[in-house]
Amino acid sequence: MLRLATWNVNSVRSRLDRVIDWLDRSDIDVLALQETKCRDDQFPYDRFDAAGYEVAHAGINQWNGVAIASRVGLEDVQIAFDGQPGFDRDAADTLFAEPVVDSRAIAATCGGVRVWSLYVPNGRAVTDPHFEYKLDWLARLHDNAEKWLVDNPAAQIALVGDWNIAPTDDDVWSVEYFADKTHTTPQERAAFDAFVTTGFSDVVRPYAPGPGVFTYWDYTRLRFPRKEGMKIDFVLASPALAARATAALIDREERKGTGASDHAPVVVEFE
DNA sequence: ATGACGGCAAAATGCCGA
């Protein structure tokens, strides 16, 4: 049995008490974190250690940042996937003349499962260079995922995190609102569907069907109390791992109250 | 039409998020 969770925490330091409290009561074996928003030397390893979790973290600045916390082993850590694209923040700024490979992907083998904690680029706007970066990033990740399954069709792989894509119309509170925005475009949905075609499946959706079932709610405009959210955080499991899924939930309670992340944790149980 | 809220830092405004 393995209980695996993923959570975009929107700063692990400002959310630390909430994250540790949640771990203490949620019986989680492996937690993938996104948007830790800190460098490695700023990560609060001690609090996770005290709670019984080893942590592998990747963070180079105040943006992005991904981690895996595990109480069932943490082996073969890999930061970034092969060929992970970088983003040129400002081609005219010599400080960032070289594209920066963001801290958006980290992997570790935990309890026999190869877990990838992923923070897919936002895309910002369809006309923004960040949108092409997002599509390229997903395509290069897919190249890797396809190869992993070709190399070993029985591989137990979990691609988890903030995908920044709403794969179906049920996954946004308003199709009209997102019509001219990122997250619902045909290109992004095709990029997501490519993983499904390759054999990875959303193991949460059968246990948390929509419409109106979300993992993210904007802090502004009373989006949470108005139930106006998006389903953009996913656990995609390889065929061998998906066959082991027995339960899943989106912990909407954790979005409540002061000091909440704008994302809820997502939990899957494997037999 | 725009901003909202929230986090971070070479911080008191700008960048980023979705």
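In what follows, chains carry the letters A, B, and so on, assigned in the order in which the sequence lines appear, proteins first and then strands, with residues in each chain numbered from 1. What you see below is based on every heavy atom in this structure, not just the backbone, and it leaves out hydrogens, waters and symmetry mates.
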Restricting both atoms to N or O, compile the protein contacts to nucleotides 3-6 of chain B shorter than 3.5 Å, with distance only.
residue: B:dA4; atom: N6; partner: A:R221; partner atom: NH1; Å: 2.8
residue: B:dA4; atom: N1; partner: A:R221; partner atom: NE; Å: 3.3
residue: B:dA4; atom: N1; partner: A:R221; partner atom: NH1; Å: 2.9

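Going from atom CZ of A:F214 over to atom C1' of B:dA18 covers 14 Å, rounded to whole Å. Atom-to-atom, CD of A:Q42 to P of B:dG7 comes out at 16 Å; the value is rounded to the nearest Å.
Each of A:Y119 and A:T36 was assigned the nucleotide of DNA chain B with the nearest heavy atom; the assignment lying further toward the 5' end belongs to A:T36.
For the residue pair A:N10 / A:Y219, a side-chain donor-acceptor distance below 3.5 Å is found, with atom types taken as modelled. Defined by atom type and a distance below 3.5 Å, a donor-acceptor pair is present between the side-chain atoms of A:T6 and A:Q34.
Contact check, A:H263 against B:dA18: a side-chain N or O comes under 4.0 Å of OP1 or OP2.
Between the side chain of A:N122 and the base of B:dA18, a donor-acceptor pair under 3.5 Å is found.
Look at the C1' atom in both B:dG6 and B:dA11: the space between them is 15 Å, to the nearest Å. Separation of the P atoms belonging to B:dC16 and B:dA10 is 15 Å when rounded to the nearest angstrom.
Using the six-membered ring where Trp is involved, A:Y45 and A:H57 have ring planes that are perpendicular, over 60° apart on the 30 and 60° scheme.
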Exercise for review: Show the numbers, then the answer: is there a ring pair (Phe, Tyr, Trp, His ring centres under 6.0 Å) between A:F87 and A:H130?
Suggested key: CA-CA 8 Å; A:F87 182 67; A:H130 213 261; 4.6 Å; yes

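Within 4.0 Å of A:D233, counting heavy atoms only, lies no atom of the nucleic acid at all. Within the 4.0 angstrom heavy-atom criterion, no nucleotide atom of any strand lies near A:F178. Within the 4.0 angstrom heavy-atom criterion, no nucleotide atom of any strand lies near A:F131.
Relative to the six-membered ring of A:Y177, A:R223 meets both conditions, a distance below 6.0 Å and an angle of at most 45° to the axis.
A salt bridge between A:R71 and A:D27 is present, with a side-chain N of the basic residue lying under 4.0 Å from a carboxylate O of the acidic one.
Set against B:dC8, B:dG17, B:dA18, the side chain of A:R124 has B:dG17 as its closest nucleotide. Distance from the side chain of A:R104 is smallest to B:dG17 among B:dA9, B:dG17, B:dA18.
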